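To keep things clear, I will list the structure first and then write my remarks on it.
Residue numbers start from 1 in every chain, and the chains themselves are labelled A, B, ... in the order their sequence lines are given, proteins ahead of strands. Given the structure is predicted, the values throughout are model-derived calculations rather than measurements.
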2 protein chains.
Amino acid sequence: MPLAKPVRVAAQALNDGVPDARERILAAARRSFATVGFDGAATRQIAAEAGVAQSLLLYHFGSKDALWRAVMDQLFEGLASRMAEAARASQGGNVRQRLLAAIGAFIALCAENADIHRIMTIEGRQASPRLTWLVERHLRANHAYATGLIQEGQASGLIRPGDPTLLYYSFIAIAGTAFSLAPEIALVSQSPKVVDPVAIEALIAALLFLEG
Amino acid sequence: MPLAKPVRVAAQALNDGVPDARERILAAARRSFATVGFDGAATRQIAAEAGVAQSLLLYHFGSKDALWRAVMDQLFEGLASRMAEAARASQGGNVRQRLLAAIGAFIALCAENADIHRIMTIEGRQASPRLTWLVERHLRANHAYATGLIQEGQASGLIRPGDPTLLYYSFIAIAGTAFSLAPEIALVSQSPKVVDPVAIEALIAALLFLEG
DNA sequence: CGCTATCTTGATCAATCGATCAGTCCCTGT
DNA sequence: ACAGGGACTGATCGATTGATCAAGATAGCG
């Protein structure tokens, strides 16, 4: 296992548009874990999608479990930077503005790539060492931050009263489901329509806020 | 493959509380498909949960794919009977009463067993022969019925305007997600709380209806 | 009793699984 | 020029996958 990423890798990633093997493996693994789950994903299929040998994937990450954790760390790092940017852009604003900024940032993230929502809705449905790891490493902090924001909104009479955790998961459900199930929606509605993030935001506002 | 179910099976299922092997296989398969997905499910694990040999599962259903389709037929048969009962109980009522009856029936179904929501949110995220089969055999009719009901509500000014398909999937998202992710919610909130169907119904009402 | 149809099991198949290891390629520093 | 080391591949391991098949178990019917 390499301890430090060599400089050559970053240089190569900048020179041509093709990211280096490690990043390609991470991207392919994210897609596989998101669509067929951890147990359904095959390391050989991931390696083939990344265009590398199967053994390289274990060379870089050590095991399938460790690869999965690396994917989750990358996903939640992207989420954290998005949410931090939204918080920074709306700092100084009132509760409603800060809430809307956070909501919009999460919707935009799911609209660009719903894989984080897909993986979470797979891993969250049964207790497992992976779920425990996820909760302690990433979910607990996000849940605490979000429910804190929700309770702030409830205290100022902005947000509908009720269990903040249920509001939090209902928000995530609306924000992510339509993007996660895009293939099914396209097939059922018999049109390759793309889900409109603005429409999603309006639905979430109706769900959370007391007054339109 | 047996063409007709022998009488002895039903009699045995009524005599003692233990359902016959075929039903136990279906139940175990439903749980496996719902938690780890089709690719992640192992026929030997399903057979072990049902307390039978692995070969018996292929004797009754022919293949893993056919077993999956049998599970889906059973799930959607249960859904259809629930929705039909709700429609019958609310027939003659106004649009709002019929909508609330349908919403409440679906929430109750997810609260009792979220496996149908879990399986759908796995299969709907990527095009596959299974998804095509699902859409043509079950989903298209349900989608048409639900969006028809929604458009009826929109025409009478009851339901929020907007794409009926998006409203439909947002409704399903709220109705099912909290139950599907019960293990994660329990872990994150550090309390073995059960999700309250009444609270879910209130959130859906806020999402769909224009006036409380 | 014996015959037949259905249900059920255990052995076994080729294919694929995650993982290990020896060895090759190529860049870097001296 | 030449070692040294990280990146990468191909072969291979035992275990597990879905599937097939022959044989046994059980009940109903004559």
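Counting all heavy atoms, side chain and backbone alike, B:Ile185 lies closest to B:Ala178 at CD1-O, 3.6 Å. In terms of heavy-atom proximity, A:Arg125 sits nearest to B:Arg118 at NH1-O, 3.0 Å.
At the heavy-atom level, B:Ala41 lies under 4.0 Å from the strands shown only through sugar-phosphate atoms.
For A:Leu56, counting side-chain heavy atoms from C-beta on, the closest listed nucleotide (C:dT8, D:dC8, D:dG18) is D:dC8. Here the side chain of A:Ser55 is nearest to one of D:dA19, D:dA7, C:dC21, namely C:dC21.
Distance alone, capped at 3.5 Å, places no donor-acceptor pair between the A:Arg82 side chain and the A:Phe106 backbone. A side-chain donor-acceptor contact under 3.5 Å links B:Thr35 to the backbone of B:Ser32. Between the side chain of B:Gln154 and the backbone N or O of B:Gly162, at least one donor-acceptor pair lies under 3.5 Å.
Atom CZ in B:Arg24 sits about 11 Å away from atom C1' in C:dT8, given to the nearest Å. Going from atom CZ of A:Phe61 over to atom P of C:dA19 covers 13 Å, rounded to whole Å. Rounded to whole angstrom, the span from the CD atom of A:Gln54 across to the C1' atom of C:dC21 amounts to 13 Å. Whole-Å rounding puts the B:Lys64 NZ to C:dT16 C1' distance at 12 Å. A straight line from CG of B:Leu58 to P of C:dA11 spans 17 Å, rounded to a whole angstrom. Distance, B:Tyr59 OH to C:dA5 C1': 9 Å, rounded to whole Å. Atom C1' of nucleotide C:dA19 and atom CG of A:Asp65 are separated by 12 Å, given to the nearest angstrom. Atom CG in B:Leu57 sits roughly 15 Å away from atom P in C:dG10 (whole-Å rounding).
Residues of residues 42-52 of chain A having a heavy atom closer than 4.0 Å to DNA chain D, listed by number: A:Arg44, A:Val52.
A donor-acceptor contact closer than 3.5 angstrom links the side chains of A:Thr165 and A:His143.
Remark: B:Arg130 is positioned above the aromatic ring of B:Phe38, its terminal NZ or CZ atom under 6.0 angstrom from the ring centre and at most 45 degrees off the axis.
Between B:His60 and the phosphate of C:dT8, there is a side-chain N or O to OP1/OP2 separation shorter than 4.0 Å.
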